Amino acid sequence: MLVLGIESTCDETGAAIVKDGHLILSNVVFSQSMLHKRFGGVYPEWASRKHVDNMIPIIDEAFKTASISPEKIDLIAVAKGPGLIGPLLIGLNTAKALSFSWEKPMIGINHVEAHLYAAMMPHSNQLLFPSLGVVISGGHTFMVLIKNIGNYELIGQTRDDAIGEAFDKVAHILGLPYPGGPEIEKLARKGNQRKFFFKPGRVKNAPFDFSFSGLKTNVMYSVKGKNSKRTDPIIISNEEKKDIAAAFQETALSDIVDKILLAIKKYAPKAVYLGGGVANNRRLQDLLQKKLENHPFFLPPKDLTLDNAAMIAGLAYPVYLKNKKADSLSLEPMTRIPLTSAPLT
Ligand code: KG4
Ligand code: ZN
């Protein structure tokens, strides 16, 4: 089964062609992050306009790279949410137009569920259930118990900022460009994490929930002074910036790993599947290796960690086989998809 995937939930325009849920024939992504750098975050209206410019050329390129013609496609899969309304509409309307004119079925896919599937994709014939799913991206931070693809139980989520968002905001405080995650990681490598002490957020009576907003504020007070505001000037040296990046990164990532360990203890999952941009972080990968010891964990291949359409096309395969039906062309974008609903899709 050949699936064309389309991704446009935020600032990446993506098109991919994937066979049988795992064989990637093409995976084309145009990241707008360079364009949004000057705003210190994603500027939604501009993101929408760039999706309009790039969507069709990127779909063309996905077909060219895969050496496939549109008639060969069995299904069109599009990220229906969660995401920004303008960008979502571009992807969804493109998918609907292609579905109508090519007379191919179309389904909408949950973008965050696809982030989890990205870690499963290379092993889709030998998945381990029940497992723990952990999404750590710019827009989401949560843990689910995965009973099967499409059958999830939410066990914890962030009460405020997503972890990637915290990396981006702390980078901004330190005067680093967007997206901040890779910048913090780079700076942290040269710093001493013991020079500053930050505490991870705790949520009363919810041991698996996350909170990164207090941590971010503490970093700001260390960088700009007690009770400072975002617009206040930086009062620390460049050397101290490195130490703060290292201490923040260690606190945020250890919090993720500690909560994974706690969930392993309580739920005894057969494996852990992680997804989302923060899974790119090498320090996180080292911590997982060290602390999870022999417990199996799976990260997505590098080109599937950030937003991409291959994970959308990949997840569409098991979802379509299970549901045995396409979505109607009146499918609406969903800026939010409540995490409590199981299945997610
Ligand atoms: O999954 P993703 O592309 O977007 C969402 O769906 O939200 O993740 C983007 C996020 C950004 O916040 C970025 O700063 C973060 O992932 N990120 C990282 C790293 N690479 C990307 N955070 C920490 N360390 C990294 N190496
Ligand atoms: Zn994403």
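Each ligand, and each atom within it, is numbered from 1 in the order the structure gives. Only a predicted model underlies this, so the values are computations on that prediction, with no experimental measurement involved.
Ionic pairing of R282 and E185 is not present here: no N-O contact between side-chain nitrogen and carboxylate oxygen is shorter than 4.0 angstrom. Classification of K259 and D255 as a salt-bridged pair holds, one side-chain N sitting under 4.0 Å from a carboxylate O. Contact check on K195 versus E240 returns no salt bridge, with no Lys/Arg side-chain nitrogen under 4.0 Å from an Asp/Glu carboxylate oxygen.
Atoms of ligand 1 found under 4.0 Å from any heavy atom of H115, numbered from 1 in the order shown, are 1 (O), 6 (O). With ligand atoms numbered from 1 in the order given, ligand 1 contributes 12 (O) to contacts under 4.0 Å with heavy atoms of G164. Interface atoms of ligand 1 facing G276, defined by a heavy-atom separation under 4.0 Å, are 1 (O). Set against the non-hydrogen atoms of G138, the atoms of ligand 1 under 4.0 Å away are 4 (O), 5 (C), 7 (O), 8 (O), 9 (C), 10 (C), 12 (O). For ligand 1, the atoms sitting less than 4.0 Å from at least one non-hydrogen atom of H111 are 6 (O), numbered in the order shown with element in parentheses. Numbered from 1 in the order shown, with element, the atoms of ligand 1 that lie under 4.0 Å from a heavy atom of F167 read 23 (C).
Closest to atom 4 (O) of ligand 1, if we only count protein heavy atoms, is D307 OD1, 3.4 Å. Looking only at protein heavy atoms, the nearest one to atom 12 (O) of ligand 1 is D168 OD2, 2.8 Å. At the top of the distance list for atom 22 (N) of ligand 1, counting protein heavy atoms only, stands G181 CA, 3.3 Å. For atom 24 (N) of ligand 1, the nearest non-hydrogen atom of the protein is N281 ND2, 3.0 Å. Looking only at heavy atoms of the protein, atom 26 (N) of ligand 1 is closest to E185 OE1, 2.7 Å.
Looking only at distances, a side-chain donor or acceptor of K224 sits under 3.5 Å from a matching main-chain atom of R230. A side-chain donor-acceptor contact under 3.5 Å links Y117 to the backbone of G21. Under a 3.5 Å cut-off, the side chain of K216 and the backbone N or O of E165 do not form any donor-acceptor pair. Between the side chain of S8 and the main chain of P87, a donor-acceptor pair closer than 3.5 Å is present. In this structure, the side chain of H51 engages the main chain of C10 through a donor-acceptor pair within 3.5 Å.
Distances from atom 17 (N) of ligand 1 to the heavy atoms of S137, G277, G83 show the closest one on G277.
Not a single heavy atom of R283 lies less than 4.0 angstrom from ligand 1. Judged by the shortest distance from any of its heavy atoms, C10 lies outside the 4.0 Å radius around the atoms of ligand 1.
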side-chain hydrogen bond (donor to acceptor under 3.5 Å, both in side chains) evaluation trace for S213 with D161: CA-CA 6 Å; S213 150; D161 294 345; 4.9 Å; no
Apply the test side-chain hydrogen bond (donor to acceptor under 3.5 Å, both in side chains) to residues E71 and S69: give CA-CA distance (whole Å), side-chain angles for both, the deciding distance (0.1 Å), then the verdict. CA-CA 6 Å; E71 308 88 73; S69 60; 3.2 Å; yes
Could you go through the side-chain contact (heavy atoms from CB on, under 4.5 Å) check for Y320 and M1 one step at a time? CA-CA 10 Å; Y320 189 66; M1 185 183 205; 3.0 Å; yes
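In H140, neither the side chain nor the backbone holds a heavy atom less than 4.0 Å from any atom of ligand 1.
Nearby protein atoms of type N, O or S around the Zn ion (ligand 2) amount to 3 (distance under 2.8 Å).
With ring centers used as reference points, F248 lies under 6.0 Å from F167.
Under a 4.5 Å side-chain heavy-atom criterion applied to ILVMFWY residues, the cluster that includes I85 comprises L89 as well.
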